[in-house]
4 protein chains.
Amino acid sequence: MAAMSTTKAKSDSISAATEASRVPQQGRSRASYERMLTAAEKLMVKRGNDDFTLTEVAKAGKVSIGSIYLRFDSKDDLIRAVHGRVLTQIGEEQDAMMQQIRQNASTLDEFARQFVEAYAELLKRFSPVLRPIMFRAIYDQSMSALGKNSAENLVREAEAQMMRFADEFGRPDHERLVGNVFRMIYYTLARFLGLGSSPEAANQGNWEELKEDLAIMCPAFLRAKG
Amino acid sequence: MAAMSTTKAKSDSISAATEASRVPQQGRSRASYERMLTAAEKLMVKRGNDDFTLTEVAKAGKVSIGSIYLRFDSKDDLIRAVHGRVLTQIGEEQDAMMQQIRQNASTLDEFARQFVEAYAELLKRFSPVLRPIMFRAIYDQSMSALGKNSAENLVREAEAQMMRFADEFGRPDHERLVGNVFRMIYYTLARFLGLGSSPEAANQGNWEELKEDLAIMCPAFLRAKG
Amino acid sequence: MAAMSTTKAKSDSISAATEASRVPQQGRSRASYERMLTAAEKLMVKRGNDDFTLTEVAKAGKVSIGSIYLRFDSKDDLIRAVHGRVLTQIGEEQDAMMQQIRQNASTLDEFARQFVEAYAELLKRFSPVLRPIMFRAIYDQSMSALGKNSAENLVREAEAQMMRFADEFGRPDHERLVGNVFRMIYYTLARFLGLGSSPEAANQGNWEELKEDLAIMCPAFLRAKG
Amino acid sequence: MAAMSTTKAKSDSISAATEASRVPQQGRSRASYERMLTAAEKLMVKRGNDDFTLTEVAKAGKVSIGSIYLRFDSKDDLIRAVHGRVLTQIGEEQDAMMQQIRQNASTLDEFARQFVEAYAELLKRFSPVLRPIMFRAIYDQSMSALGKNSAENLVREAEAQMMRFADEFGRPDHERLVGNVFRMIYYTLARFLGLGSSPEAANQGNWEELKEDLAIMCPAFLRAKG
DNA sequence: TATGAATGAGTATTCATTCAT
DNA sequence: GATGAATGAATACTCATTCAT
């Protein structure tokens, strides 16, 4: 009935995780290293949480348990490494996504629509992997605490984009406005997708309508006089 | 490293939980029953999840392990009973809250401000207990699946309140609008408070400002022409 | 996975059991005493062994656990009392049976046929109750160790009956012959009925044929010259 | 006070048991595997049933509890493996025994005498181990249900031997005759040795005389005209 | 006498981590 | 480096027995 790990969850972060794991550069070693991560990730997705055994990882990844401990100090470290890898991947996609949007959106409404749509689908696509990660709440944490984390980049970039239309905003303290509207969008989408909750809890209501409404809410809020 | 229970989480509900526990009516028995629940609840709050042992509950509640099993069929049942007790309490407060608001708010903006403020504070107040509950995702589930659950009442009541101002809405399909705006508010608040995430993840940004902005977002969204 | 009791099986006997239980003579008390025994007996038969809880006995017999401990020093004592009651009943039927046979059988072959048939059916009739008793092996023990036990009477009586035809015996040491032939009959029947074994193990082969063959074996053996 | 296992005794068989255990082939591993089985067997013999704890096995076998679970899926599996090992050993001895007898016995009387003597002593020798096995009733079950089981071989072989003298039989349906006489012999011996009963119950009467009488009974019964 | 709530020692099983090879 | 067998602490759950009322 452990919620996190049996070992008390140390205040972990991506960087710590990265340091903890000894990433081999060599070909063969590298390959088995990847197999561990992939096996662990698959198990996480399948289970929806961290509830897998290292024996399972070893078997699925065709690695020995000893090998795992050669790369990672603990099961926690392995999990963190998986998180890191996933988040990096998401970060890259987010970057590409924002670049797309930057070029295509010339009005606040257009930006909102495109951003919500693209981000929503990105989150949805990653939701199976994100769920177990959120379950462990690393994402949020890294999202703000880690400057190097690309999730942070998204926030900055999205906010920067919105700032282009700052003259349309209905109230002062623009930083706050974009910060909060981003939260509203992200939190609503994340929650809807059941990230951090059990799968069953997710998807109540209509996904397409929700996206549409968030896209409408965004400029409406930013322009609101208060 | 179990995320939920070792036993597959049966489709549980508050009512089931209540039935599963054998609540004694007598004084002495009743007292020890309460001590169990309270001890378990405290442990849940302290840990932020279900990760406590029955031995801990027994010790903290000054009850024997056997006594726990006299009232509950399993650890899961105990947890569900705790959830039930908390949710009942929350439900009552929510009802009282909505009654207050119904009487005081005469405009959409007033309603939004009062509702967001009151609901936000209510969630915040209960957030330490709600976190472990959300972790188990019962809340969300019951929120929609159980008609008798008062969480459901809140949604209905809040939506009904907003409907009073439906003529101000900027778009048709009012049901959808109020449903989604409620989601935006609830999800944003819940996420902000770290419900369903680890405690550390919570409280990023400015709480007071977030509440204010949600109160502004609500009518702005509802009135938006799209 | 306890085979006997959790408490090491003391060398128990019917008499000990009888002493251990405090049989009330009064009406009301007596009634609840009987209910205990009956409930326990039913559970034993249903389970095929001693694997029932006192709570079950209490519930089934509409007695309180405390009441049970008022009559018996332990669960073991209760079990022994049940055994005693059953064995007494069997003993009475055995006596009646032997009396019947004594009057009807005038030849060794007739005696053998009648005795085997009657005894076999008696054992079969009681086999559901005897199984859990045999499982605990009190029967055998009492059968030889306790003079007052009526099971012992059966042996004596059966042997006495056979002795009437001692002049037909093929070998000397008649005591031994009748003792052993009785064993062969009883052991074979008991085993066949699965007494002391699991129910599944029983009834392999043909019951009617077995009885017939035992009836033939008996005089054949006694008359055999060796 | 469980008579068998707490878990309902699944319809187990020797082969299933063998499959369930993961027998290591390597030296060191093999050694600890043997220690487990031997420790468990000793405890079974000492207790007369399955009522031992895995902690006891671990301590006695100088193995860790985890190691046991590395080889066996459950305590039940361990028990079955012990049974399997014993029954295999018995089977081999039985085969050798029958081979001996086949060569030496040229008359029905000779066969009976030799068979009873040899089989009785074999059962006696194994009685301490057989008792707990019988207690679980696997023996009997496998004896008929499992063709591959060597216990079955014994029955077939013994019956085949007796069939050699079928022309001396006093009645038709020779299959039935040899089947039943085998039962009489086996059941009587088994019961005498207290197999399936408690140790205390055993050995009432004179072992040597019983063997002798069974040896006489056998041909007498087979030749009996009925 | 009678009750039945309370007790807590006892047991099978899991799994992260270690370490001999 | 690599392996995977071995370890044992930890944990949910049972049930005979006690004892306050």
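In this text, all values refer to a predicted model and were calculated from it rather than measured experimentally. All chains are named by letter (A, B, ...) in the order of the sequence lines, taking the proteins before the strands, and each is independently numbered beginning at 1.
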Value in whole Å for how far the P atom of E:dG4 lies from CD of C:E56:
17 Å
CA sep, side-chain torsions, deciding dist, call: C:V63, C:V57, side chain to side chain contact (heavy atoms under 4.5 Å, CB included)
CA-CA 8 Å; C:V63 204; C:V57 176; over 6 Å; no
Can you measure C:D76 atom CG to F:dC15 atom C1' for me and round it to whole angstrom units?
14 Å
Salt bridge (Lys or Arg N to Asp or Glu O under 4.0 Å) partners for C:R85, two or more places apart
C:E34, C:E41
Going through the checks in order, is the side chain to side chain contact (heavy atoms under 4.5 Å, CB included) test met by C:D77 and C:Y69?
CA-CA 10 Å; C:D77 275 343; C:Y69 275 89; over 6 Å; no
I'd like to know if B:E56 pairs up with B:R47 as an ion pair, taking the criterion as any Lys NZ or Arg NE/NH1/NH2 lying under 4.0 Å from an Asp or Glu carboxylate oxygen.
yes
Cation-pi geometry met for C:K42 and C:F52 (6.0 Å, 45°)
no
Nearest-Å distance, CG (A:L54) to P (F:dA2)?
17 Å
Whole angstrom value for the distance that separates P of E:dA12 from CZ of D:F52
8 Å
How long is the line joining CD1 of B:I79 and P of F:dT11, in whole Å?
14 Å
Round to the nearest Å and state the distance from C:D51 atom CG to F:dT14 atom C1'.
11 Å
Of all the base pairs, Watson-Crick or G-U under 3.5 Å, which form stems of three or more consecutive pairs involving DNA chain E?
E:2-21 with F:2-21
Distance in angstrom units between B:K59 NZ and F:dA12 P, rounded:
14 Å
Given E:dT13, is OP1 or OP2 found less than 4.0 Å from the side-chain N or O atoms of D:Y69?
yes
Protein and nucleotides 6-10 of chain E: nitrogen or oxygen contacts under 3.5 angstrom:
unit_1 : atom_1 : unit_2 : atom_2 : d
E:dA6  : OP1    : B:S32  : OG     : 3.4
E:dA6  : OP1    : B:R71  : NH2    : 3.3
E:dA6  : OP2    : B:R71  : NH2    : 2.2
E:dT7  : OP2    : B:S64  : N      : 2.9
E:dT7  : OP2    : B:S64  : OG     : 3.0
E:dT7  : OP2    : B:S67  : OG     : 3.0
E:dG8  : N7     : B:G66  : N      : 3.3
E:dG8  : O6     : B:G66  : N      : 3.4

From CE (D:M44) to CD1 (D:I79), nearest 0.5 Å
6.5 Å
Separation of atom NZ in D:K75 from atom C1' in F:dT14, rounded to whole Å:
14 Å
